[in-house]
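Below is one structure, written out as structure tokens; comments come after it.
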Amino acid sequence: MSWMFKRDPVWKYLQTVQYGVHGSFPRLPYPTFFPRFEFQDVIPPDDFLTSDEELDSVLFGTLRGHVVGLRYYTGVVNNNEMVALQREPNNTYDKNAIKVNNVNGNQVGYLKKDLAIALAYIMDNNLAQVEGVVPFGANNTFTMPLQMTFWGKEENKKAVLDHLKKHGFKLGPAPKTLGFSLESSWGSGRAGPSYSMPVHAAVQMTTEQLKTEFDRLFEDLKEDDKTQEMEPAEAVETPLLSHQKQALAWMISRENSKELPPFWEQRDDLYYNTITNFSEKERPENVHGGVLADDMGLGKTLTAIAVILTNFHDGKPLPVERIKNQLKKECKECDVNQESVKLGRNSASENADGRSKEVEGSGCNEEPSISHIKKNKHSILEFFSSQPKRRKMAAQYIESSDSEEIETSELPHKIKGKLKNAQSETKRLKGASFMDSSKKTDVEERPRTTLIICPLSVLSNWIDQFGQHIKSEVHLNFYVYYGPDRIRDPALLSKQDIVLTTYNILTHDYGTKGDSPLHSIKWLRVILDEGHAIRNPNAQQTKAVLDLEAERRWVLTGTPIQNSLKDLWSLLSFLKLKPFLDREWWHRTIQRPVTMGDEAGLRRLQSLIKNITLRRTKTSKIKGRPVLELPERKVFIQHITLSDEERKIYQSVKNEGKATIGRYFNEGTVLAHYADVLGLLLRLRQICCHTHLLTNAVASSGPSGSDTPEELREMLIKKMKLILSSGSDEECAICLDSLTVPVITHCAHVFCKPCICQVIQNEQPHAKCPLCRNDIHGDHLLECPPEELACDSEKKSNVEWTSSSKINALMHALIDLRKKNPNIKSLVVSQFTAFLSLIETPLKASGFVFTRLDGSMAQKKRVESIQCFQNMEAGSPTIMLLSLKAGGVGLNLCAASRVFLMDPAWNPAAEDQCFDRCHRLGQKQEVIITKFIVKDSVEENMLKIQNTKRELAAGAFGTKKTNANDMKQAKINEIKTLIDL
DNA sequence: ACCGCCGGGTGCC
DNA sequence: ACCGCCGGGTGCC
């Protein structure tokens, strides 16, 4: 197979073109640490999710067939409309049954039986995806033709062809009409083939051609006007910067937009989807929201706050009286009621333009049981027009009645049944929103509350920013739904203006049997901060988010769509953009076409992105000036030479390890001993910092099998600590986020406790480890005992403190800096918290005032630490000891203008993120970063690998590394580089 | 005629 | 469905 583009590289390219290379490097989550398992367990967690996706589908061929039974179903299609084939194994008439549905999921009919027999096997065994288009005859009464396209993995092609042959079918070639259409096949008025999927087109285009094509597409993008500015509501205290006013204007225009969503247009009295050729009477809702994907530090939080206050309801800002008349506060209840009266009236007036259909629908759709429906005589006869006998029977009956309207229940049984069938379906069409609206009518008020969901790490940031950016006299009902005492009362929550919570709380509530208050409310607006949190479609967290009801939906993210189109799909499904809610349509119309380099697909993707996302980087320009005029950022590498004694220890550990690992190389079992390799590398990195760190290191020994439970426990806890302290950028494979409350399973995989508990609960009674499918039990999860961490540092203080080459260099630099300018604040960053502890001693000795921030600190202490450091008063700390991954992306430490990075990180993006904590909005000084790197050591080798990763991330075009073997080799090479083998 | 042919009844899976 | 298919009625030309 020679597709030129794997999906990820294409997507990364799209990203780099639109967003610029600067700022966000796609996350490269390795080295990853999964002891004792073969390589497939070691590849980044993202990849285990893709198993159900046909990443390397090829076109097997096409087949013409028929859809039958049209008259029994209400789903309608247009000519050239795409349809979905759905197996129905429990059909009582035929276990091979295959339903044919239109884009909306309404059944159109069935695949003809003989064809279904052949296809059922193929579909059930996932040998091919079969996709259908109705080329013509969409208005037929009984049957219609169906053009099917078969896609699948190359290795399944033969099986599919053979199987079809056995049943007398033979695939044809791709029809010539489905060429590589350069003319726009969507957006035009024609109902031409909207979907071009050439078999060979992708390979015929050269890289150069495609690149030019990409560039042209993004040229168009730049012309798109998102430069309108808007002043925020009076209630917003902080003046907005230009780019924030633009975002405000764009976001509010999206919230109030009455336009059709992308790819929809009105044709006569129908709404028409130009990608699928689907049409329907009901106006598709536009997404009243989107993705704000600005770079970190451009003020997404402030912008979001401005949106909340400025588009408070019905396109109007937070009413002034609520700002000024704070005295009325005691009559809150009354205030709320007044509000809802006002809202009620306004929503009624909206009916005039047909937007609030649910209001109309809820009352009058109350129909009696179907058998009592009155039917017009003529319509009955018409229904039986092609069934003369029934028609005659109906006619006879009807003639005996005087009235124009017929009680259907009194019709002869034989025709009543048929009629009933047809009726219920008509109703389904007409009242599609009927069920939804009736469900909630009794308590329904116009939603007023904005729900903000963020990772715990930025919760306090949100609270702070609300405090900072909203005028103090403004009265807002604001509730932080967090902590064990959170009030789980929907009535209370829905009276708030803003509810703030975390993903974990949301997920926890959702998973708890019983009702989640967050899910029983219809929100005015849901804002997801760090929206990539929902990029794993299988995660419970994602499901909890997708199940929220809201009128307006926003995703804030600084790392836009990190790795693939799939991530974008997760966001789209949150935004509920038709028709992409169903993965099939997303896959057929965008994901695969783009993956294969099809231009129509690219255009769609581009159009989509243009429509729903706003993205500025730090280097984006407004009227020729950068959005953010940040002072320069300079990175220096300071080489360190180890002392003789340090070098001796380093060499001995290295030689010993090298011998062992060399043996693994010879045996070809490097990756099986990945834990050992990582352990060695960790020890070497520790020695580079301070030889005392070594005492902390764990000799990684696999379980011998004869361990006592206590030994096993010890071993697992040690492993987990190794993983957590190794700085190997470990993530929870379930939520794909940093580990919160890490626990280790007996199979030695580490997850967030809430995540894995969720899995266990869902899969009970026989839960399996998501990574290795070994049995897991809730009781067997081991938590990291926090007191032991404290003990460790105690223990160390018993050992007499000595310095190290790196500490010497740091102290020298700090003292030097203090001499030059005592007011400059510095961040001292390490991945090893024990190292930070060691650094404390000389800092104290030299009279530095410092503070500390690391992952083990309680939320409250962190906030204190940050505030203390950011404070510019005399006597405030000038140094912060910071663990590399502490704090979320929102962490603002712009009081510092120096960074001393004590040890290199595996992932350059992690370093960048760390630097950005002070190199961000609010930074007035030049930022100088010093990276301490020990000469002739693993650290230097790590720099090499960082560079490779940087290049890979930036120029991902044309490099394909999705292949497991390639990655395996890459990893082996990486290890070789690291320990100079 | 254990056929052919006719024409009515009928119709997804 | 202005089809195909089924099964009953029927049977020289």
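Lettering follows sequence order; numbering is per chain, from 1.
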Grab the [atom1]-[atom2] distance between [X] and [N] for me, whole Å please.
X: Asn140(A); N: dC12(B); atom1: CG; atom2: P; value: 16 Å
X: Lys112(A); N: dC3(C); atom1: NZ; atom2: P; value: 16 Å
X: His66(A); N: dG11(B); atom1: NE2; atom2: C1'; value: 15 Å
X: Ile117(A); N: dC12(B); atom1: CD1; atom2: P; value: 16 Å
X: Asp114(A); N: dC13(B); atom1: CG; atom2: P; value: 8 Å
X: Leu111(A); N: dC12(B); atom1: CG; atom2: C1'; value: 11 Å
X: Leu146(A); N: dC12(B); atom1: CG; atom2: P; value: 18 Å
X: Tyr72(A); N: dC12(B); atom1: OH; atom2: C1'; value: 6 Å

Output all residues satisfying side-chain contact (heavy atoms from CB on, under 4.5 Å) with Asn78(A), sequence neighbours left out; order by chain, then residue number.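 For Asn78(A) the side-chain contact (heavy atoms from CB on, under 4.5 Å) partners, ignoring immediate neighbours, are Glu81(A), Tyr272(A), Ser279(A).
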
Axial cation check for Phe574(A) ring with Arg553(A), 6.0 Å and 45° limits: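 Geometry flag: set, cation within 6.0 Å and 45°.
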
List the residues meeting salt bridge (Lys or Arg N to Asp or Glu O under 4.0 Å) with Asp162(A), not counting sequence neighbours, and say none if there are none.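 With sequence neighbours excluded, Asp162(A) shows a salt bridge (Lys or Arg N to Asp or Glu O under 4.0 Å) to Lys158(A), given in chain and number order.
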
With sequence neighbours left out, write down each residue that passes salt bridge (Lys or Arg N to Asp or Glu O under 4.0 Å) with Asp124(A), or none if nothing qualifies.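 Scan of Asp124(A) (salt bridge (Lys or Arg N to Asp or Glu O under 4.0 Å), adjacent residues dropped) gives Arg87(A).
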
Taking atom [atom1] in both [N] and [M], compute the distance separating them and give it to the nearest angstrom.
N: dG4(C); M: dG11(B); atom1: C1'; result: 10 Å
N: dC6(B); M: dA1(B); atom1: C1'; result: 15 Å
N: dC3(B); M: dC12(C); atom1: C1'; result: 15 Å

Both distances below 3.5 Å, Watson-Crick or wobble geometry, any strand: find the nucleotide opposite dC2(B).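 Base-paired to nothing in any strand shown.
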
Identified pairing partner of dC13(C), criterion: Watson-Crick or G-U wobble below 3.5 Å: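 Pairing partner: none.
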
With respect to Asn101(A), which candidate in Gln86(A), Glu584(A), Gln107(A) satisfies the side-chain hydrogen bond (donor to acceptor under 3.5 Å, both in side chains) definition?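 Of the listed options, the one satisfying the test is Gln86(A).
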
So that I know where these two stand, are Tyr110(A) and Tyr72(A) an aromatic pair - ring centroids less than 6.0 Å apart?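 Not under 6.0 Å, so no.
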
Can you tell me if Arg71(A) touches the phosphate of dC12(B), counting only side-chain N or O atoms and a distance under 4.0 Å to OP1 or OP2?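 True: Arg71(A) side-chain N/O within range (under 4.0 Å) of dC12(B) OP1/OP2.
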
Under a 4.0 Å N-O cut-off, is there an ion pair linking Glu131(A) with Arg592(A)?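 Yes.
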
Qualifying residues under side-chain hydrogen bond (donor to acceptor under 3.5 Å, both in side chains), relative to Ser516(A), sequence neighbours excluded: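 Listed in chain order: His519(A).
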
Give the residues of residues 94-101 of chain A touching DNA chain B, defined as any heavy atom closer than 4.0 Å, sorted by residue number.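 Asp94(A), Ala97(A) - these, ordered by number, are the residues of the stretch whose heavy atoms sit under 4.0 Å from the strand.
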
Heavy atoms within less than 4.0 Å of DNA chain B: which residues of residues 83-93 of chain A have one? Give them sorted by number.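 Within residues 83-93 of chain A, the residues near DNA chain B are Asn91(A), Tyr93(A).
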
When you measure from the side chain of Trp585(A) to the backbone of Asn104(A), do you find a donor-acceptor pair of N or O atoms at a distance under 3.5 Å?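 Such a contact is absent between Trp585(A) side chain and Asn104(A) backbone.
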
dA1(C) pyrimidine/purine six-ring stacking with Phe142(A), under 5.5 Å and 30°: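 A stacking contact exists, since Phe142(A) sits close and nearly parallel to the base ring of dA1(C).
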
Would you mind telling me which of Thr143(A), Val68(A), Ile117(A) makes a side-chain contact (heavy atoms from CB on, under 4.5 Å) with Lys112(A)?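 Going through the options one by one, the only one that passes is Val68(A).
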
